[in-house]
Amino acid sequence: IARALVVPPHRSGGQAQFVAAPRLEAATDRLGDLLDWCRRHLDQPIAVPDLATRAGLSPRQLTRRFVRLTGLPPQQWLHAERVRTAQELLETSDAPIEEIAARCGMGTATTLRRHFRATVGVTPTAYRETFARTKR
């Protein structure tokens with residue numbers, strides 16, 4: 001119990017403490033519906049022109065409204081959501097990295113490893129091992 005309640009400020013190797021980033025709650029307009037749709041379809045290729053058509057906006061209008069709502073352009077937001085989804089799957093499942101990569105839209109395990117490490121700072125395996133230790 002103490003291990004679960006006491007969290008060190010740094011992990012081994014100088015690695016910073018992980019803090020779960022809150023998900024942006026969906027707005028009440030059609031862009032909020034679009035964000036929800038994107039989260040449900042992260043495993044599929046999603047392009048800005050397709051999102052704009054789905055939202056009934058031009059790609060330029062979509063990008064402006066997207067940045068205003070989320071703080072990120074659509075493709076960067078999608079990338080962040082895919083990495084966040086991979087984090088959740090690594091924490092909550094024993095699925096192989098290849099399956100997680102497919103489910104979060106990264107395609108291959110190699111692509112997931114590269115993007116995950118660049119975004120989170122550790123490999124997916126190291127991330128999973130860190131959280132597996134804290135849950136015991």
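Hydrogens, waters and symmetry mates are skipped; everything else that's a heavy atom, side chains included, is used. Treat the numbers as computed from the prediction; the structure is a model and nothing was measured.
Cluster membership check: Val48 does not share its hydrophobic cluster with Val67, using side-chain heavy-atom separations under 4.5 Å among Ile, Leu, Val, Met, Phe, Trp and Tyr.
Residues Val122 and Arg117 form no side-chain contact, since every pair of their non-hydrogen atoms from C-beta on lies 4.5 Å or further apart. In this structure, the side chains of Thr108 and Glu98 stay at 4.5 Å or more apart for every pair of heavy atoms.
Between the side chain of Thr130 and the backbone N or O of Ala126, at least one donor-acceptor pair lies under 3.5 Å. A donor-acceptor pair is defined here as one N or O able to donate and one able to accept, closer than 3.5 Å; no such pair exists between the side chain of His79 and the backbone of Gln75. Without hydrogens or angle criteria, Arg82 side chain to Cys104 main chain gives a donor-acceptor distance under 3.5 Å. A donor-acceptor pair under 3.5 Å links the side-chain atoms of Gln61 to the main chain of Ser58, judged by distance alone.
Taking CZ of Phe66 as the reference point, atom CG of Leu78 lies at 6.0 Å (rounded to 0.5 Å). Remark: Thr70 OG1 to Leu35 CG distance equals 7.0 Å, nearest 0.5 Å. Here the CZ-CD distance, from Phe131 to Gln87, works out to 7.5 Å after rounding to the nearest 0.5 Å. With rounding to the nearest 0.5 angstrom, the CG atom of Leu69 is 9.0 Å from the CH2 atom of Trp77.
Minimum heavy-atom separation, Ala86 to Leu112: CB-CD1, 3.8 Å.
Under 4.0 Å is where a charged nitrogen must lie from a carboxylate oxygen, and between Glu99 and Arg103 at least one such pair does.
Of the options Thr125, Val120, Ile100, a side chain to side chain contact (heavy atoms under 4.5 Å, CB included) to Leu90 is made by Ile100 and by none of the others.
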>> If you apply the rule side-chain contact (heavy atoms from CB on, under 4.5 Å), what do you find for Leu42 with Glu81, and how did you get there?
In response: CA-CA 8 Å; Leu42 287 175; Glu81 284 298 307; 4.2 Å; yes
> Arg128 and Ser93: side-chain contact (heavy atoms from CB on, under 4.5 Å), yes or no, with the steps?
Replying inline: CA-CA 9 Å; Arg128 176 179 268 168; Ser93 77; 4.0 Å; yes
